[in-house]
Amino acid sequence: MTSHERWPDLQGIAYGGDYTPEQWSRETWREDVALMRDAGVNLVSVGIFAWALIETAEGEFDFAWLDDVIDLLHENGISVDLGTPTASPPAWFFAQHPESRVQTADGTILGFGARGMASPSSPAYRAAIVRIATALAERYGDHPAVVLWHVHNEYGVPVGEDYSPQSVQAFRDWLREKYGTLEALNAAWGTAFWGQHYTAWEHIGAPAAAPSVVNPAQRLDFARFTDHQLRQCFIAERDAIRAHASQPITTNFMANQSWTTDLWAWGREVDIVSDDHYLWAADTEGEIGLAMAADLTRSVGGGAPWILMEHSTSAVNWQPRNIAKRPGEMARNSLTHLGRGADAILFFQWRASRSGAEKFHSAMLPHAGTGSRVWREVVDLGAALGRLCEVRGSRVAADVAVLWDFESFWAQDLEWRPSVDVTHKERIRAYYEQLWRDGVTVDFALPGQDLSGYKLVVAPAQYLLRVADAENLNRYVENGGTLLVSFFSAVVDENDAVHIGGFGAPLEPALGLRVEEFLPLREGESSRVSWDGRELTADAWQEDLVLTTAQAVAAHVDGPSAGAPAITRNAHGRGVGWYVSTRLDAAGLADVFTAVYADAGIERAAQPAGLEVVTRHGADADYVVAVNHADEPATLVARGVDLVSGAASDEGFEIAAGAVAVIRTTHQ
Ligand code: GLA
């Protein structure tokens, strides 16, 4: 049930944020630790961008200031998540190794003066990151304040892909390793098309800017290679630290906000999964994207408790319009992450920076100081988390899995697809959103993994589907599972080549159909779907379906497929496969899910609109985490004690507009 073998040596829920003492005087450090204690902070991340101040010239280290900071924090009972500063190599490094700079697809060489990765394929960079990670681990591996290692910062952001000569050389080596022979590479990449046949490894390059669309299989392999190179950098640092230190090691992901790294593979390499999450101001229901990020983070960590490494107390500074959080919003965000499995609630950052590119970013301690609303809410949140110690280690359980496959997203994002209106991000959000509105808790999953524990598997955007993974999904249905698949799925194999047998062919057993032709609509055009006398609204996409064993459930009223099936249901073995061949709006998707839940035996929790409820299951009790996003109070039917307010009830709790509650209750 609980798994904290690798959890940092800390009491209760971790609370704190990124701390940059290098930007402040020693007098300010003393004020910082006093205020941290006031706020209930017990963990801060230190050193993340401080390479230039730790290694002042190659191999010359100045640990004095860092020793003092870590000792000061320790004396005040605040633990340290020690960063390796490899996301911002010093000026001297690039001066000595100009070849380590990242080159973009159009040949631009990225300069110094911001932050960001050097070329992950640069031997000089690899040597330098191992040197600094080793030096830090040797020095602080035994320090009692250091409870966690924070390697690098957000791999793949702001740049991941590198087209420099060093990267091209490494790409060729990676391809040789993968394919063995040029013949195999030519076959996988389909190089007979447009005369791209290779006769020598040295002729192969990165998919840099070219006169027209670059070979999609080459681009897909380059995405895999990029992910691999970044991961090798992490592994090099991790292993250097492990040689001298025994604390757990993590690196901060960006769940559904970064796409360069295959987080399933990364989840296997870290000791603990951690994630950074920021709201998108343009998304007026950002809490849904937030919940999705939290569920994905938990899933890539195999369900274990995870660390929210960064979120913001209020506005960020890097969007076109940076919307400040309103009173109570920060706590709702934090508690949503906790409800979905986070046992550490951390922020970027502790104290707002006066200088530099991020001075307009919010912080726990804002420029306005301790007289501010944000500070008061930070103190209140720290106190509330202090009352939630016992939630730690409990787990979230889900009956539904939504497929999330980075490889498929990389492939679908390439050029010259049938319609620019069809994107994985849009469909996954739409399907997830309906599940969220229905109060159904979900895990994310890969199509090839064991899915037998789920009553329902949803595939909103599985454009690339390996034959073996399709067989896994077919077996899942045969053995009694319910599968819901959206259009433009199972189209290509792992080389972005159309499946033999045509679109959707590998899923024919489960879905009982094939797709003869895609029929995208024009921009702005909508269409109607008729289902049992009701009319649903759709747009963007139709398909010409050939039903083999599936039954038509709903038909197109108009558009290129007028009169033909739009939604189908197929009984296969002991289970059912549903297929939705058009882009339904939210009301239409709600109808689809109602029917699909009935097949899957899923009961919706009847909560008031806007009340988000997730349960964490502990060894001795369950914890119902309720977040009221509405402007009205909402009643949560539950028996137990609200650990946030201390109120107890045998019937239910009224949760004020915008408020949060965590009800300890007996096992459900
Ligand atoms: C990222 C970084 C932080 C900071 C924040 C600002 O998540 O990891 O260093 O730049 O963004 O939102």
Side-chain angles (χ1 to χ4, degrees), residues 16-24 43-54 80-89 113-118 148-160 230 233-234 237 250-261 263 266 270 272-283 286 289-290 293-294 296-297 306-325 329-330 333-334 337 342 344-367 374 378:
D18 285 13
Y19 181 39
T20 48
E22 65 273 26
Q23 296 176 18
W24 301 96
L43 181 68
V44 290
S45 305
V46 177
I48 298 172
F49 296 108
W51 193 343
L53 298 170
I54 297 171
V80 172
D81 165 32
L82 190 54
T84 67
T86 52
S88 61
R115 74 171 185 208
M117 183 81 183
L148 178 67
W149 290 91
H150 179 302
V151 171
H152 198 84
N153 191 67
E154 295 180 340
Y155 279 98
V157 176
V159 286
L230 293 168
C233 289
F234 169 76
E237 287 197 43
T250 189
T251 183
N252 45 344
F253 298 163
M254 292 203 77
N256 60 344
Q257 297 185 330
S258 160
W259 304 89
T260 336
T261 46
L263 297 183
W266 286 75
V270 294
I272 303 173
V273 162
S274 64
D275 192 53
D276 299 349
H277 183 268
Y278 293 98
L279 295 175
W280 288 99
D283 181 357
L290 185 157
L296 177 62
T297 304
W306 51 278
I307 295 171
L308 177 64
M309 188 62 84
E310 294 178 23
H311 68 321
S312 65
T313 57
S314 191
V316 297
N317 69 305
W318 39 264
Q319 297 182 19
R321 291 166 200 84
N322 296 292
I323 307 301
K325 292 188 182 177
E329 192 173 355
M330 178 189 80
N333 293 167
S334 304
H337 287 293
I345 302 296
L346 311 178
F347 291 91
F348 178 84
Q349 59 178 333
W350 161 251
R351 184 187 277 270
S353 300
R354 283 194 58 225
S355 306
E358 294 188 317
K359 56 182 163 290
F360 298 123
H361 198 289
S362 61
M364 298 175 84
L365 182 57
H367 294 297
V374 165
V378 163

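Both counts, for ligands and for their atoms, begin at 1 and track the order of listing.
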Item checked: Contacts of H277 that satisfy ring-ring contact (aromatic ring centres under 6.0 Å, His included) - sequence neighbours left out -> H337
Note to self: Minimum heavy-atom separation for A255 and D275, please, with both atom names.
What the structure shows: N-OD1, 2.7 Å
Next item on the list: State, to 0.1 Å, how close H311 and L308 come at their nearest heavy-atom pair, and which atoms those are.
Entry: ND1-CD2, 3.4 Å
Check: Applying a heavy-atom distance cut-off of 4.0 Å, which protein residues contact ligand 1?
Finding: F49, R115, N153, E154, D276, Y278, E310, W318, F348, E358, H361
Checklist line | ring-ring contact (aromatic ring centres under 6.0 Å, His included) partners of W280, counting only residues at least two apart | finding: W318
Item checked: Non-hydrogen atoms of A87 and F49 that approach each other most closely -> CB-CE2, 4.1 Å
Note to self: Could you work out, with ring-ring contact (aromatic ring centres under 6.0 Å, His included) as the rule, every residue matching Y155, not counting sequence neighbours?
What the structure shows: H152, W266
